[in-house]
Amino acid sequence: MKRTVKDLVNLEGKVVLLRVDFNVPIDDGGKILDTTRIIQALPTIKYLIEKKAKIVLISHLGRPDGYDIRKSLWPIAMILMRELPTPVYFSNKVLGKEVEEQIKQMENGSVLLLENIRFYKEEIECDMNFAKQIALLGQIFVNDAFGVAHREHATTYGLARLMPNAIGLLMEKEITTLSEAIQSPRRPFVVVLGGAKVKGKIKFILKLLDVADTLILGGAMAYTFLVASGISVGESIVDDDDVGFARDMLSIAKLKNKKILLPIDHVCIRETPKKKRPFVSEKLDDDMFAFDIGPKTIKLFKEELTKAKQILWNGPLGKYEDKRFAKGTSAIAKTIAKSSAFSIVGGGDSISAVKKAGVEKKINLISTGGGATLKYIEKGSLPCLDVIQEKIKI
Ligand code: ADP
Ligand code: MG
């Protein structure tokens with residue numbers, strides 16, 4: 001068991017470097033479009049405030065190439081000021097005399113948010129000299145950034161190697177829920193996989209064939225599997241390199257006696273200039289593009305989901321950003337929300353689909369990680385977690 005922030009003692013007056021994941025969607029005017037990740041980080045921050053620590057928050061936002069005002073964390077500081085009971089300060093630097101001075105002047109229980117750590121390329125390079133300079137700013141490192149725990153960066157992985165450390169409450173909640181769900185699943189355990197990237201999800205699918213009972217495949221990735229089972233998919237998105245892999249997965253599923261469900265009808269369009277209106281079809285002709293699952297598929301998937309005791313969902317079932325192709329994803333989101341099964345949803349797009357359907361409160365775990373969630377399920381561990389100290393057994 002990894003040490004958590006609750007295992008730390010004598011925090012009063014100590015400078016805690018707290019790595020969080022404030023990588024929220026933000027528009028060019030600095031307006032935050034979804035505050036979920038900020039809200040989910042609050043319990044650890046509030047816990048440290050109660051313990052009268054001095055909290056220095058470190059986060060990234062997007063993938064800036066050097067300084068970029070559109071990726072500044074300043075708008076997030078404004079939200080923290082509204083949400084936290086104690087003073088919140090902001091520093092537009094992450095290193096140097098000015099920051100050191102600012103930290104010296106902090107009252108116990110106050111919070112200092114440092115500017116976007118990815119303005120420094122040393123962060124993703126995991127430059128240990130950079131990490132060492134940051135480590136000098138505080139006495140303890142707490143990692144609560146589950147969303148990037150699969151990446152070895154200077155302030156996620158590097159700092160843990162240099163300082164006394166622990167995980168935060170969000171990270172703890174994510175990993176205990178996920179590990180229980182995978183190690184002792186409530187059965188039948190049904191997994192719904194959609195989205196576009198087959199490649200990124202290959203090893204994940206292999207693992208799921210071990211632990212899940214049924215795999216429901218939708219979204220663009222389903223077409224690679226349909227091709228692998230000899231069904232024509234017209235112009236729908238297919239990952240040619242992965243057809244062989246998909247074929248292997250279908251045979252492994254058969255061997256292991258696991259069910260894989262694929263779409264049986266589709267919402268599609270025909271690529272003739274005058275007929276752009278979507279229609280439902282079971283068969284996909286050469287000039288047809290499928291962008292969503294059809295009504296028969298929705299019914300088939302729903303039947304399977306109602307039998308489930310545990311559901312894991314990753315990836316939308318259609319091109320849901322376009323409302324003509326959002327029905328399938330929305331129907332599945334609502335079915336999962338209604339079911340009495342223990343439900344976990346992970347992945348940026350799947351989470352925004354759940355929110356669009358207005359059912360996020362009915363999901364047991366909205367996992368803040370996309371890649372991290374899949375990696376943790378696949379491996380049962382994450383690089384940034386491996387470098388955290390174990391709980392001391394007494
Ligand atoms: P997540 O972020 O939940 O992990 P992905 O990033 O893998 O999911 O995939 C999401 C993307 O997949 C969305 O942009 C969606 O439009 C796209 N998508 C899903 N189904 C289809 C489809 N049938 N055709 C084209 N794009 C699709
Ligand atoms: Mg995505």
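Counting convention: from 1, in listed order, for ligands and their atoms alike.
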Quiz item: Hey, is ligand 1 close enough to Ala220 that some N/O pair sits below 3.5 Å?
Solution: yes
Quiz item: Does the pair Glu12/Lys51 count as a salt bridge with the N-to-O cut at 4.0 Å?
Solution: no
Quiz item: What are the atoms of ligand 1, with element, lying closer than 4.0 Å to any heavy atom of Pro316?
Solution: 3 (O), 8 (O), 10 (C), 19 (C)
Quiz item: Atoms of ligand 1 less than 4.0 Å from Ser350 heavy atoms?
Solution: 3 (O)
Self-check item: Tyr47: partners by ring pair (Phe, Tyr, Trp, His ring centres under 6.0 Å), with sequence neighbours left out
Solution: none
Quiz item: Considering only heavy atoms, does Ala290 approach ligand 1 within less than 4.0 Å through its side chain, its backbone, both, or neither?
Solution: backbone
Quiz item: Strictly by modelled atom types, are Tyr89 and Glu107 linked by a side-chain donor-acceptor pair under 3.5 Å?
Solution: yes
Self-check item: ligand 1 contact on Ile351 by region, counting heavy-atom pairs under 4.0 Å
Solution: neither
Quiz item: Is any NZ, NE, NH1 or NH2 atom of the basic residue among Asp210 and Lys256 found under 4.0 Å from an Asp or Glu carboxylate oxygen of the other?
Solution: yes
Quiz prompt | Interfacing atoms of ligand 1 (cut-off 4.0 Å, heavy-atom, Glu321) | solution = 13 (C), 14 (O), 15 (C), 16 (O)
Self-check item: Short N or O distance, Ala196 and ligand 1, threshold 3.5 Å exclusive
Solution: yes
Quiz item: Can you find a non-hydrogen atom of Gly318 under 4.0 Å from ligand 1?
Solution: yes
Quiz item: Is Leu113 linked to Ile32 within one hydrophobic cluster, defined over Ile, Leu, Val, Met, Phe, Trp and Tyr using a side-chain heavy-atom separation of less than 4.5 Å?
Solution: yes
Self-check item: Lys201: numbered ligand 1 atoms lying under 4.0 Å from its heavy atoms
Solution: 4 (O), 7 (O)
Quiz item: For ligand 1, which atoms, with element, lie under 4.0 Å from some heavy atom of Gly315?
Solution: 3 (O), 8 (O)
Quiz item: If only atom types and distance count, is the side chain of Ser236 paired as donor or acceptor with the main-chain N or O of Ala290 below 3.5 Å?
Solution: yes
Quiz item: Numbering the atoms of ligand 1 from 1, which are under 4.0 Å from a heavy atom of Asp349?
Solution: 1 (P), 2 (O), 3 (O), 5 (P), 6 (O), 8 (O), 10 (C)
Quiz item: Do any pairs count as a side-chain hydrogen bond (donor to acceptor under 3.5 Å, both in side chains) and have a residue in residues 138-152, sequence neighbours left out, and if so which ones?
Solution: Thr44-Asp144
Quiz item: Just checking, is any N or O donor in the side chain of Thr214 or Lys307 under 3.5 Å from an acceptor N or O on the other one?
Solution: no
